[in-house]
Enquirer: 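The structure's right below; bear with me while I get my questions together.
The residues of the chain are indexed from 1 along the displayed sequence. Just so you know, ligand 1 is whichever comes first in the structure, and atom 1 is the first atom listed for that ligand. Side-chain atoms are counted along with the backbone in the values below, which use heavy atoms only and exclude waters and symmetry mates.
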Amino acid sequence: MVVRTRYAPSPTGRMHVGNLRTALYEYLIARHVGGEFVLRIEDTDQERFFEGALDIIYRTMEETGLDYDEGPDKPGDCGPYVQSERVTEGIYMKYAKMLVEKGEAYYCFCTKERLESLKTTVAGKEIMLYDKHCLHLSKEEIQANLDAGMPFVIRQNIPNEGTTSFFDDIYGEITVENAELDDMVLIKSDGYPTYNFANVVDDHLMRITHVVRGNEYLSSTPKYIRLYQAFGWEPPVFVHLPLITDEEHHKLSKRSGHSSFEDLVEQGFIPEAIVNYIALLGWSPEDNNEIFSLKELIEKFDYTRINKSPAVFDMVKLRWMNGEYVKTMDYDRYKEMALPYVKQVIHKELDFDKILELMKTRIEIFPDICEKIDFFEELPDYDVEMYTHKKMKTNSENSLEVLEELLPILEKQEDYSLDALRDVITEYTVKKEVKNGVVLWPLRTAVSGKQSTPGGAFEIMEILGKEESLRRIRIGIEKLKNC
Ligand code: GLU
């Protein structure tokens, strides 16, 4: 049997981290065994429909590399792949009526008011267990109501006695009392199916073998099992995924910045790093390796290693991982992604490639660049105390001496390339018989005005060029003279 999985998003906005993980795991389960991966759009909740959300889904699937074999824009033999189109084809109504015929579902004409009156509070939570009032309508009564155009829903008929069990591949055997299961609505009064009904019908018709979703669906699964049984269909393998929390063990939120794929991309994370990190939210490989391309994940992904305890989304770790990706990424792509940040802070004509090369191994996410390179644009108004460094054995006196001695040498120097600067300054250091730090600390301080910089004095001076380097050294000399 061909393994078939599906990602079934509701087009309600950006793709949340939890949904992306579901999509990724579905993709990996299928690809790991050479199976098929389907994209199905679940848009039956018209109120939640969000204009443009479909484009977000397509774009995110593309940017994350989760290519599907069948979907709204990739026809297969199970289409249409958009639920509202399946409604138009009458698919859900046909199957709901089939259940009515079998006595596994029934028409319900109860008014809103009557349903309201059935609400009770259990353990502080308001719940509504339908009392099967309409189950007892005769065929004639039902027909008369339908003929009169009375609004109706179709409900699942779950017996009050007995239990329902199923096996989840992560959570194990689960058994619930049927009396706890509500006669849930399958077809709503607008003729649309509920998610609860449509997912079962579609997963069956689309020959889905493994259903992967968040564990918030675990409690509804017995009702789905009853639907499979009512139709006489083989249920798929169920793989429910653990909750993802933030570092404080709260639900992920927009405020903390890790709610969606797009939010993360906007914060400067690379899609591959996000995908790699998300793969590890609830799953771990056998070895301790953590950096995986999508191809490697396909090879390694054994879904039985999914953990049922909540996964913590650790921003610090994602940042680290992103930095590892930046280090190894192809230079042209890096440039394309990083250059806008350089241009945010540097408006002068400097060698951007040199700045970019300098930054490649020194950032975690692209926006880190701005704060690290702003001194190239303008020398900050730094404190003269910065020249004093215990370990480097520098103070304001020897710093002034070094800068004053270096100034004429650097004024004479024409070649400001890295190697030439290194040669001439090393020559001076050797002649002076001092340690490198005694010369390089004051020099770097003067040309950058910063305590820590990407690269040392030579790199910075090469980028700044002769004129600006000398101007900064002269400012340093003045500062030191006046202190
Ligand atoms: N449309 C559901 C959602 O977006 C899908 C749940 C499922 O995977 O069955 O949450």
Enquirer: Would you mind listing each N/O atom of ligand 1 next to any protein N/O under 3.5 Å, plus the distance?
Expert:
residue  : atom   : partner : partner atom : Å
ligand 1 : 1 (N)  : Ala8    : O            : 2.8
ligand 1 : 1 (N)  : Ser10   : OG           : 2.9
ligand 1 : 1 (N)  : Glu42   : OE1          : 2.6
ligand 1 : 4 (O)  : Ser10   : N            : 3.4
ligand 1 : 4 (O)  : Ser10   : OG           : 3.4
ligand 1 : 8 (O)  : Arg6    : NH1          : 2.9
ligand 1 : 9 (O)  : Arg6    : NH2          : 2.8
ligand 1 : 9 (O)  : Tyr195  : OH           : 2.4
ligand 1 : 9 (O)  : Arg213  : NH1          : 2.9
ligand 1 : 10 (O) : Tyr217  : OH           : 2.8

Enquirer: What residues, two or more places apart in sequence or in another chain, satisfy salt bridge (Lys or Arg N to Asp or Glu O under 4.0 Å) together with Arg6?
Expert: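 So Arg6 forms a salt bridge (Lys or Arg N to Asp or Glu O under 4.0 Å) with Glu26, Asp203.
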
Enquirer: Just to verify, what does Phe352 make a ring pair (Phe, Tyr, Trp, His ring centres under 6.0 Å) with, not counting sequence neighbours?
Expert: none

Enquirer: What pairs meet the salt bridge (Lys or Arg N to Asp or Glu O under 4.0 Å) rule with one or both residues in residues 317-336, with sequence neighbours excluded?
Expert: Glu272-Arg333, Glu290-Lys317, Arg319-Glu364, Arg319-Asp368, Glu324-Lys327, Lys335-Asp353

Enquirer: Is any NZ, NE, NH1 or NH2 atom of the basic residue among Glu104 and Arg226 found under 4.0 Å from an Asp or Glu carboxylate oxygen of the other?
Expert: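 Result for this pair is no, no salt bridge flagged.
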
Enquirer: Would you call the rings of Tyr195 and Tyr217 parallel, tilted or perpendicular, taking 30° and 60° as the class edges?
Expert: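 Tilted, since the angle between the ring planes falls between 30° and 60°.
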
Enquirer: Less than 4.0 Å between a side-chain N and a carboxylate O, is that true for Arg14 and Glu266?
Expert: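 Yes, this pair counts.
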
